[in-house]
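A quick note: this is a predicted structure, and the numbers were derived from the prediction, not measured. Numbering of ligands and ligand atoms starts at 1, following listing order.
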Amino acid sequence: MKIMIRCVAAATILLTSTVSSQEVPELLQQARCYACHAMDATLIGPPYRAIAALHNRRADVMVEVLAQKIVNGGGGNWGVVPMVPNDHVSIEEAREMARWILSIDGKGD
Ligand code: HEC
């Protein structure tokens with residue numbers, strides 16, 4: 001039951017967008033995500049396209065999981081280096097970023 005409620009919540013979050021998707025690259029720029037992430041190249045963090053390829057089959061749940069990780073930081077999925085917390089980013093902005101990343105075509109490389 002708990003899991004079901006979580007899924008419904010995640011689906012609602014997925015459908016209610018406050019920032020248009022064209023604005024997200026600008027948000028990523030402002031939030032300095034590009035210091036560690038690029039579309040196709042591995043910098044300190046994994047490429048956005050690889051993140052999409054890993055998670056986009058579970059995009060409904062992953063929007064919220066990735067948003068939390070963007071704000072609070074964390075590791076364990078890509079190697080020994082964890083992501084730093086990005087607490088200058090709001091959870092709403094982080095959800096927009098996660099939604100945008102997950103919508104990238106992960107088959108590019
Ligand atoms: C100081 C470097 C750094 C910055 C700045 C940074 N990241 Fe990361 N990011 C990382 C690293 C390292 C990982 C890999 C973490 C892991 O192994 O799970 C990561 C992972 C991720 C993931 C995938 C998480 C997963 O579990 O697969 C997403 C999504 C992400 N970053 C988005 C962002 C966004 C959006 C920003 C800007 C607000 C940002 N990152 C800023 C270093 C960074």
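Taking every non-hydrogen atom of Ile44 and a distance limit under 4.0 Å, the qualifying atoms of ligand 1 come out as 12 (C). Residue Val89 approaches ligand 1 through these ligand atoms, each under 4.0 Å from one of its heavy atoms: 38 (C). Atoms of ligand 1 lying under 4.0 Å from at least one heavy atom of Met97, given by number and element, are 35 (C). Below 4.0 Å from some heavy atom of Leu28 lie the following atoms of ligand 1, by number and element: 35 (C). Applying the 4.0 Å criterion to heavy atoms of His55 picks out, from ligand 1, the atoms 25 (C), 26 (O), 27 (O). Short contacts between ligand 1 and Pro82, defined as distances under 4.0 Å to a heavy atom of the residue, involve ligand atoms 12 (C). Each of the atoms 12 (C), 14 (C), 15 (C), 17 (O) of ligand 1 lies under 4.0 Å from some heavy atom of Val81.
A chain of hydrophobic side-chain contacts below 4.5 Å, direct or via other Ile, Leu, Val, Met, Phe, Trp or Tyr residues, connects Met39 to Met97. Hydrophobic cluster membership is shared by Tyr34 and Trp78, with clusters built from Ile, Leu, Val, Met, Phe, Trp and Tyr side chains linked at under 4.5 angstrom. Both Leu66 and Met83 are assigned to one and the same hydrophobic cluster, defined by single-linkage of ILVMFWY side chains at heavy-atom distances under 4.5 Å.
Here the side chains of Glu96 and Glu23 are not in contact, with every heavy-atom distance at 4.5 Å or above. At a threshold of 4.5 Å between non-hydrogen side-chain atoms, the residues His55 and Val65 do not count as touching.
Considering backbone and side-chain atoms together, Arg32 places no N or O closer than 3.5 Å to any N or O of ligand 1.
Residues Lys69 and Gly75 share a closest heavy-atom pair of NZ-O, 3.3 Å. Contact record, Ala98 with Ala67: CB-N, 4.1 Å, taken as the closest heavy-atom pair.
In this structure Val84 satisfies the side-chain contact (heavy atoms from CB on, under 4.5 Å) test together with Asn86, sequence neighbours excluded.
The aromatic rings of His37 and Tyr48 lie parallel to each other, their planes meeting at an angle below 30°, with 60° marking the opposite boundary.
For the ligand labelled ligand 1, residue Gly74 lies inside the 4.0 Å heavy-atom shell. Residue Gly79 places a heavy atom under 4.0 Å from ligand 1.
Ranking protein heavy atoms by distance to atom 17 (O) of ligand 1, first place goes to Trp78 N, 2.7 Å. With hydrogens left out, the protein atom closest to atom 22 (C) of ligand 1 is Ile51 CD1, 3.5 Å, a heavy atom.
A distance of 11.5 Å separates CG of Asn56 from CD1 of Ile51, quoted to the nearest 0.5 Å.
Of all protein atoms, those of element N, O or S that lie under 2.8 Å from atom 8 (Fe) of ligand 1 number 2.
Put simply, the side chain of Arg49 gets close to the backbone of Asp105: a donor and an acceptor are under 3.5 Å apart.
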Legend entry - Working for side-chain contact (heavy atoms from CB on, under 4.5 Å), residues Arg99 and Val24: CA-CA 9 Å; Arg99 203 176 282 120; Val24 174; over 6 Å; no
